[in-house]
Amino acid sequence: MRLRRARRDRQAAADTTESYPDPEPAPDYSGPALLDAPGVEVAVHVALTGRLDPTDGQFHWYGRVSAADGTALPDPGRGQVFLTVPGRTPTPGVLQERDPWGNLRIAGIGAPPFSL
């Protein structure tokens, strides 16, 4: 009798996992943008994504910034910057770090610079 019950429990557990829908893909944007840092405006190419954080209930967006025309990017840690994607309003963010290829990581909290 005990053996039958264990089999039913395993089968019931297997059936419930199949009923969950596939997760929605994260919103993202890859393309041109304008980076407005203190003292410099640079045309850049960005690859951005984001997610809604269940802990604080806010949208966190982040990604990589690379210089579109080989221009040097500003140093990270210069305070707040603004990123403008074509057709959108400037969005505040922070430059966080430089990778070995000279690209920058950017992050922000709130409405993203790209459409959702």
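All residue numbers in this chain count up from 1 along the given sequence.
Residues satisfying the salt bridge (Lys or Arg N to Asp or Glu O under 4.0 Å) criterion with Asp99, sequence neighbours excluded, are absent altogether. Every side chain to side chain contact (heavy atoms under 4.5 Å, CB included) that Arg88 has, sequence neighbours left out, goes to Val85, Ser115.
Across Pro76 and Glu97, no two heavy atoms sit closer than the pair CB-N, 3.9 Å. Residues Thr91 and Pro113 share a closest heavy-atom pair of OG1-CA, 3.3 Å. When every heavy atom of Asp56 is checked against every heavy atom of Gln58, the shortest pair comes out as OD1-N, 3.0 Å. Across every non-hydrogen atom of Pro74 and Arg98, the tightest pair is O-NH2, 2.9 Å.
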**Study point:** Trace of the side-chain contact (heavy atoms from CB on, under 4.5 Å) decision for Glu41 with Leu35
**Key:** CA-CA 6 Å; Glu41 276 191 6; Leu35 179 67; over 6 Å; no
**Study point:** side-chain contact (heavy atoms from CB on, under 4.5 Å) between Val81 and Asp36, intermediate numbers included
**Key:** CA-CA 6 Å; Val81 298; Asp36 183 4; over 6 Å; no
Review point. Given the rule in the side-chain contact (heavy atoms from CB on, under 4.5 Å) test, do Val65 and His45 qualify, once you have shown the distances and angles that lead to the verdict?
Key: CA-CA 6 Å; Val65 177; His45 184 275; over 6 Å; no
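The CG atom of Leu104 sits 4.5 Å away from atom CG of Leu73, with the distance rounded to the nearest 0.5 Å.
Ile106 is not listed as a side-chain neighbour of Tyr62, based on a closest heavy-atom distance of 4.5 Å or more. Contact of the Leu48 side chain with the Arg64 side chain is not registered, since no non-hydrogen atoms from C-beta on lie closer than 4.5 Å.
Under a hydrophobic-cluster definition in which Ile, Leu, Val, Met, Phe, Trp and Tyr are linked whenever side-chain heavy atoms come within less than 4.5 Å, directly or via other members, Val46 and Leu34 are assigned to different clusters. Linking ILVMFWY side-chain heavy atoms closer than 4.5 Å, directly or via other members, places Trp61 and Leu116 in a single hydrophobic cluster. Residues Phe82 and Val44 do not share a hydrophobic cluster, defined by chaining ILVMFWY side chains whose heavy atoms lie under 4.5 Å apart. One hydrophobic cluster, built from ILVMFWY side chains closer than 4.5 Å, cannot hold both Ile109 and Leu52; they sit in different ones.
Side-chain atoms of Arg105 do not come within 3.5 Å of backbone N or O of Val94 as any donor-acceptor pair.
Taking the six-membered ring where tryptophan is involved, the planes of Tyr29 and Phe114 are essentially parallel, since the angle between them stays under 30° and well short of 60°.
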